[in-house]
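Written out below as structure tokens is the structure these notes cover.
Order of the sequence lines fixes the chain letters, A, B, ..., with proteins taken first and strands second; residue numbering starts at 1 for each chain. What you see below is based on every heavy atom in this structure, not just the backbone, and it leaves out hydrogens, waters and symmetry mates.
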Protein chains: 2
Amino acid sequence: MATIQDVAKLAGLSRTTVSRVINEHPYVTEEKKRLVSKAMQQLNYVPNSSARRLRRQQTETIAVYVPRITNPFFSHLVEVMEKEAAKKGYQLILCQTRYKKEQERNFLELLKTKQVDGLILTSIENDWSEIEPYLAYGPIVVCNEYSDSAQVPLVFLDQIEGGYIGTKHLIEKGYTKLGYCTGDHKSSRVAHDRRIGFLKAVNEAGLQMKDEWFFGGAYSVQDGKNTFEALKQLSDPPQALFTGSDEVAAGIVKAASDAGWKVPEDLAVIGFDNQPLAELMELTTVEQPIETIARQAMELMIESIRSKRTSVRKEVILPLNLIQRSST
Amino acid sequence: MATIQDVAKLAGLSRTTVSRVINEHPYVTEEKKRLVSKAMQQLNYVPNSSARRLRRQQTETIAVYVPRITNPFFSHLVEVMEKEAAKKGYQLILCQTRYKKEQERNFLELLKTKQVDGLILTSIENDWSEIEPYLAYGPIVVCNEYSDSAQVPLVFLDQIEGGYIGTKHLIEKGYTKLGYCTGDHKSSRVAHDRRIGFLKAVNEAGLQMKDEWFFGGAYSVQDGKNTFEALKQLSDPPQALFTGSDEVAAGIVKAASDAGWKVPEDLAVIGFDNQPLAELMELTTVEQPIETIARQAMELMIESIRSKRTSVRKEVILPLNLIQRSST
DNA sequence: CGAAATCATGAAATCGTTTTCATACTCAGA
DNA sequence: TCTGAGTATGAAAACGATTTCATGATTTCG
């Protein structure tokens with residue numbers, strides 16, 4: 001492998017000048033530039049990035065935390081982030097926390113050991129106090145999740161509003177017996193807020209709720225199917241169901257159709273996300289502007305890296321909107 | 001930030017000894033080990049990975065190429081690879097080629113500039129001769145795709161067999177007028193082989209084909225819907241359709257149902273992949289053992305990195321199997 | 001008991017860049 | 001003609017680790 005020294009020798013110049021050419025420093029004559037370029041080509045030279053990283057104290061790499069990349073919501077987020085990062089000369093390291101506190105903590109070392117310039121969290125497993133100390137080693141941006149105490153940029157969606165407009169829609173459609181079915185991930189602010197939005201709409205309309213109309217722990221298509229089986233057993237089932245994801249909604253619709261129920265006549269269902277699957281199943285759903293939050297988060301990240309200012313809290317809240325199809 | 005020098009000073013020892021403790025070198029007395037550990041803790045020291053990379057000439061990072069991470073097949077592949085890599089102390093850099101030759105070539109520089117120890121390709125856009133020279137800079141493993149001339153480990157599925165068993169199944173079910181609907185991605189060996197398998201089964205059974213029963217360029221759910229619309233116009237449509245992906249199959253089934261066709265009575269459809277969506281839509285499909293190929297590819301990669309032998313061709317061919325549901 | 005092998009440590013070289021500092025040359029303005 | 005600003009270059013320091021080499025001390029063994 002050719003080094004900068006080899007190039008310098010072949011061009012009859014110093015390492016310094018070669019480095020200047022590479023980094024487009026002014027004060028290099030055209031003639032030397034040509035000489036250097038020629039030598040670099042002849043030797044098929046490229047700068048060694050480990051050396052460059054060491055000297056420059058930056059890696060041009062960003063770590064992105066997701067629970068699991070197979071979740072379409074997160075893979076979409078990552079797709080956009082990678083594209084945006086590549087555009088600005090950054091690479092992405094993928095970290096799957098698998099919803100585990102410990103996994104998340106392990107990956108935090110990446111920042112400390114200077115393997116990445118910054119961290120984007122799309123989910124938060126640990127208490128913020130566990131994460132906070134790592135801010136000393138580089139910027140952190142939170143995307144999609146929310147934390148009260150985090151002194152960092154936060155890009156997230158107005159989930160209260162999301163819960164509210166979805167529920168409002170059901171109410172306007174004339175349903176009065178509403179069920180609620182989500183993943184209720186303990187620490188997640190997202191789930192918490194949606195529930196508030198749901199209850200707000202319900203209370204405004206003066207509707208009655210029953211405890212048995214709350215279904216929890218639902219994440220997958222299969223969970224949706226199970227939820228329907230449970231619902232079917234009720235003597236007084238809800239007429240409409242608010243769900244926390246399109247997968248769950250799809251599972252419910254499928255199971256209901258298979259059982260001979262008509263959607264939305266016998267049971268209306270509203271999803272969340274507007275995934276490709278929602279279109280396939282013709283689900284009414286609350287669309288999350290994934291591209292926008294991903295892009296915003298990445299922009300804030302790169303800005304934080306470049307400016308080197310100390311991290312400050314900054315909230316970017318984006319709206320959600322309803323997409324009406326035939327499941328309600 | 002504390003450096004190894006600071007630790008050495010605090011512990012009253014040399015950098016060398018500290019380094020030995022970090023790297024678990026023998027020939028360090030227990031006493032000094034304690035001293036060093038204590039100093040490291042006091043200073044909250046962690047080794048700087050850029051420096052370590054430079055000296056060791058390795059990065060403990062692997063680049064994975066996928067066309068798009070939102071494609072569930074690839075996100076599943078990446079999920080397993082990341083998990084496997086993390087287990088062995090490696091990180092993953094995600095590279096989305098977006099089916100573009102140029103993007104793919106750009107990312108190849110990662111290997112040359114020593115930002116990664118190796119490359120795993122899950123799709124190949126460029127001619128192998130474009131990629132081959134980069135073997136000089138580190139190992140490459142091909143996963144899922146196939147190339148005749150590549151002198152590297154290749155982990156892939158027997159797509160001829162896949163096309164064959166899917167088609168055979170349709171024939172055994174009694175269908176005699178078979179359609180073929182895939183993405184026909186020009187350079188892809190995968191698509192090519194499946195077609196061969198399809199034709200083999202058709203010929204063995206002595207069935208007649210019509211040109212109009214071949215549908216191309218279908219990748220998405222929407223493409224599937226469009227395909228059905230086209231098929232509907234035919235005066236003599238096929239009874240059953242072999243498709244290249246579950247998305248396409250799902251689109252066809254959906255459009256058919258909406259048009260009042262019964263599946264499989266009026267039109268049978270078989271998918272490919274066994275994605276979650278296939279279960280939801282109850283698609284018969286050809287399952288690809290994604291976890292296995294991902295794990296195998298990652299193992300071969302890490303082995304190649306560690307052994308430092310020159311790359312040799314090695315084919316690992318895994319079988320596919322049929323999952324029967326109610327769409328056929 | 002003396003030589004060889006093993007254990008324990010540190011000084012200095014090394015990895016391949018970028019950056020700082022010093023030096024020299026050119027040219028415009030007083 | 002002298003001064004100071006701008007231009008162009010290179011020597012050497014720095015980034016922070018690991019590895020080689022050298023040197024003692026200690027143990028083993030014939």
Side-chain angles (χ1 to χ4, degrees), chain A residues 1-37 39-40 43-61 109-117 137-138 308, chain B residues 1-37 39-40 43-61 109-117 137-138 308:
Chain A
M1 276 281 15
T3 72
I4 200 173
Q5 183 67 279
D6 302 328
V7 176
K9 195 187 286 177
L10 182 60
L13 295 162
S14 72
R15 291 206 295 279
T16 314
T17 304
V18 177
S19 173
R20 290 206 177 97
V21 173
I22 295 169
N23 296 289
E24 296 177 331
H25 191 279
Y27 301 167
V28 184
T29 56
E30 284 305 319
E31 192 206 338
K32 314 263 155 145
K33 272 190 204 162
R34 257 197 312 277
L35 245 49
V36 170
S37 303
M40 293 205 296
L43 294 171
N44 194 18
Y45 168 83
V46 279
N48 176 306
S49 83
S50 300
R52 179 177 273 200
R53 282 174 181 220
L54 173 59
R55 181 62 236 222
R56 287 238 193 106
Q57 300 283 59
Q58 48 160 312
T59 66
E60 256 128 32
T61 305
E109 294 299 311
L110 288 176
L111 191 56
K112 201 167 168 187
T113 58
K114 293 277 175 355
Q115 308 209 40
V116 299
D117 291 340
Y137 306 107
K308 287 178 179 159
Chain B
M1 277 278 16
T3 72
I4 199 172
Q5 183 68 280
D6 301 329
V7 176
K9 197 186 285 177
L10 183 61
L13 294 164
S14 71
R15 290 205 299 276
T16 314
T17 305
V18 177
S19 173
R20 289 207 178 97
V21 173
I22 295 169
N23 296 289
E24 294 177 328
H25 192 276
Y27 302 166
V28 185
T29 58
E30 285 304 319
E31 192 206 336
K32 316 263 154 146
K33 272 188 203 163
R34 258 196 314 278
L35 244 49
V36 169
S37 303
M40 292 205 296
L43 294 170
N44 193 18
Y45 168 83
V46 278
N48 176 306
S49 83
S50 300
R52 180 178 271 200
R53 284 175 178 217
L54 173 59
R55 183 59 238 224
R56 286 239 192 104
Q57 300 282 57
Q58 48 161 309
T59 66
E60 256 126 36
T61 305
E109 295 297 312
L110 288 175
L111 192 57
K112 199 167 168 187
T113 59
K114 292 276 176 350
Q115 309 208 40
V116 299
D117 290 340
Y137 305 107
K308 289 178 177 157

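Separating the OG1 atom in B/Thr3 from the CZ atom in B/Arg15 is a distance of 8.5 Å, to the nearest 0.5 Å. Going from atom CG of A/Leu13 over to atom CZ of A/Arg20 covers 11.0 Å, rounded to the nearest 0.5 Å.
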Please lay out, stage by stage, how A/Lys33 and A/Glu30 fare under the test salt bridge (Lys or Arg N to Asp or Glu O under 4.0 Å). CA-CA 5 Å; A/Lys33 272 190 204 162; A/Glu30 284 305 319; 3.4 Å; yes
Give the C-alpha distance, both sets of side-chain angles, the deciding distance and a yes or no for side-chain contact (heavy atoms from CB on, under 4.5 Å) between B/Val28 and B/Val36. CA-CA 11 Å; B/Val28 185; B/Val36 169; over 6 Å; no
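Qualifying side chain to side chain donor-acceptor pair (under 3.5 Å) partners for A/Ser37, counting only residues two or more places apart in sequence or in other chains: none.
B/Arg53 is listed as a side-chain neighbour of B/Thr61, based on a closest heavy-atom distance under 4.5 Å.
A donor-acceptor contact shorter than 3.5 Å is absent between the side chain of B/Asn23 and the backbone of B/His25. Side chain of A/Ser49 to main chain of B/Thr113: a donor-acceptor pair is present (N/O by atom type, distance under 3.5 Å, no hydrogens or angles).
Whole-Å rounding puts the A/Met40 CE to C/dG16 C1' distance at 15 Å. For A/Leu43 and C/dG16, the CG to P distance is 14 Å, given to the nearest whole Å.
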Which nucleotides of nucleotides 4-17 of chain D have their base under 4.0 Å from a protein heavy atom (B), which only their sugar-phosphate (S), and which neither (-), written as one string 5' to 3'? ---SBBBBBBBBBB
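Summary for the helix from C/dC1-D/dG30 to C/dA30-D/dT1: the axes at its two ends, each from 5 pairs, differ by 40° when rounded to the nearest 10 degrees.
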